[in-house]
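Reminder, nothing fancy here: chain letters follow the sequence lines and each chain counts from 1. We use all heavy atoms of the structure for the numbers below, so side chains are in, but hydrogens, waters and symmetry mates are not.
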There are 2 protein chains.
Amino acid sequence: MPYSAEHKDKTRKKIVETARVLFNRHGFNGVSIDMVMQEAGLTRGGFYNHFKNKEQLFSEAVMSFLMGRGAEWREDAGVDVSNLQPEMAHQMINAYLSPEHLNDLDGQCPMIALPSDIARGGIEAQQSFQTLLEAMVSLFETNMSSDDSTNRQWAQAIAALCVGGMVLSRALPDSTLAKEVRVAAGQSAKRLLSEGQR
Amino acid sequence: MPYSAEHKDKTRKKIVETARVLFNRHGFNGVSIDMVMQEAGLTRGGFYNHFKNKEQLFSEAVMSFLMGRGAEWREDAGVDVSNLQPEMAHQMINAYLSPEHLNDLDGQCPMIALPSDIARGGIEAQQSFQTLLEAMVSLFETNMSSDDSTNRQWAQAIAALCVGGMVLSRALPDSTLAKEVRVAAGQSAKRLLSEGQR
DNA sequence: ATCAAAATATGATAAAGAACATTTTTAGAG
DNA sequence: CTCTAAAAATGTTCTTTATCATATTTTGAT
């Protein structure tokens with residue numbers, strides 16, 4: 001067996017990570033397979049040894065955020081998934097709506113960078129999207145008071161505020177207004193959080 | 001002067017309206033100029049008599065929502081801009097987050113259908129987007145108690161919730177979860193509204 | 001060292017699409 | 001009715017791209 005199994009796996013991971021960055025920046029149609037492979041230091045020929053088609057790559061790129069770049073994100077924000085504390089939800093909201101996140105075109109959350117692409121895309125990409133959202137909602141939910149069946153609702157609304165605030169911010173040409181929106185979304189998100197923590 | 005001025009204007013408006021629908025459905029890259037012109041009952045040749053390029057058409061299509069399809073929308077929701085009443089904000093929230101809106105791929109608000117396209121697009125499209133958002137925020141703001149400087153913040157957060165809830169809903173493959181998110185966003189939006197109306 | 005299977009590279013195809021140049025059609029002015 | 005400028009249609013170019021077929025390279029096992 002020439003080429004160790006790890007080699008193929010490493011190559012595949014590199015392609016996915018490269019694709020994640022490029023898709024984040026340019027969207028599904030703005031990225032060609034050539035572009036991805038070149039950026040990964042390969043040529044387009046090998047692509048179909050790793051993936052069925054471009055859609056599959058897209059879906060995996062979206063999903064890869066959760067355990068890859070997203071994990072770094074949570075770490076930077078001081079969010080420890082294995083040891084959740086009430087103030088972590090606050091930190092998560094602040095980090096998600098921060099100018100740093102807005103400026104991080106490569107590392108940003110795909111829910112912000114790619115919602116239209118995913119809405120129009122195949123079901124696989126949508127499944128990846130749903131997994132991301134569920135992770136985010138579950139993080140907020142876990143930070144609430146233990147026995148209230150409405151926690152999930154609050155958590156979902158907070159997620160909608162975070163994503164909505166950033167999606168709006170990204171599409172606005174006036175950076176002052178964009179900041180206003182992020183601040184407004186953040187304040188309201190924390191207000192909703194305190195409802196859930198009551 | 002052959003061809004009355006109205007004729008050209010009518011043709012131009014028809015192209016923009018056709019483009020609005022197609023862009024809403026397929027996104028910027030998913031729509032070709034041929035497609036738009038054919039759907040409008042014309043051929044691609046005439047396009048550049050009306051528009052500088054595809055970007056300009058896109059920007060105008062987004063903007064056209066406000067006074068065109070969006071006006072019908074507000075009317076259906078019982079929102080009269082010239083005579084605002086407190087309960088209109090409620091109706092607006094309900095209509096925006098309704099399943100009817102979610103299913104109206106042609107008529108939906110471009111902030112939901114095209115945020116990624118616009119974020120990556122030219123400044124003209126982003127200006128159009130900003131105008132749409134400002135109209136929405138201003139509608140919520142006007143429905144709040146008169147003299148509170150934080151009204152604008154509440155209104156922006158409500159808009160972020162509405163847009164965020166719908167953007168998420170659109171990208172989720174599980175329609176039950178999608179509905180949950182819309183309901184959660186709607187409830188929280190009304191909660192924030194009552195804060196502003198206090 | 002050599003072999004072969006797996007990975008990667010190269011070559012090719014067919015389609016789509018933005019932009020524009022040129023031709024044709026239209027309808028109002030004289 | 002004729003003329004003509006504007007609008008619309010047709011023809012064309014050049015580029016990009018997803019996909020796949022074929023060739024080449026790599027490397028662990030013999």
Can you figure out which of [options] approaches the side chain of [X] most closely?
X       : options               : answer
A/Lys8  : C/dA7, D/dA18, C/dA18 : C/dA7
B/Arg44 : D/dG11, C/dA9, D/dT19 : D/dG11
B/Met35 : C/dG17, C/dA9, D/dA8  : C/dG17
A/Ser32 : D/dT17, C/dA9, C/dA18 : D/dT17
A/Tyr48 : D/dA8, C/dA7, D/dA18  : D/dA18

Requested in this report: Report yes if some heavy atom in the side chain of B/Gln130 is under 4.5 Å from a heavy atom in the side chain of B/Gln126; otherwise report no.
Outcome: no
Integer-rounded Å distance: [N] [atom2] and [X] [atom1]:
X       : N      : atom1 : atom2 : result
A/Ile33 : D/dA18 : CD1   : C1'   : 6 Å
B/Met37 : C/dC20 : CE    : P     : 15 Å
B/Phe47 : C/dC20 : CZ    : P     : 11 Å
A/Asp34 : C/dA12 : CG    : P     : 15 Å
B/Asn49 : D/dA5  : CG    : P     : 16 Å
B/Asn53 : C/dG17 : CG    : C1'   : 14 Å
B/Asn29 : C/dA18 : CG    : P     : 8 Å
B/Leu42 : C/dT26 : CG    : P     : 13 Å

N or O in side chain of A/Thr11 less than 4.0 angstrom from C/dA7 OP1/OP2: no
**Prompt:** Side-chain N or O of A/His7 less than 4.0 angstrom from OP1 or OP2 on D/dT26?
**Reply:** no
Report task. Scan B/Val36 against the nucleic acid and name what it touches under 4.0 Å (heavy atoms): base, sugar-phosphate only, or nothing. Result -> nothing
### Query
Salt bridge between A/Asp9 and A/Lys14, side-chain N to carboxylate O under 4.0 Å?
no
Is the shortest side-chain N to carboxylate O distance from A/Arg12 to A/Glu60 below 4.0 Å? yes
**Q.** Greater than 12 external heavy atoms within 6.0 Å of B/Glu39's CD
**A.** no
TODO: For the residue pair B/Asn94 and B/Lys190, confirm or rule out a side-chain donor-acceptor distance under 3.5 Å.
DONE: yes
Judged by nearest nucleotide, the residue sitting upstream toward the 5' end of DNA chain D, A/Gly30 or A/Gly45, is A/Gly30
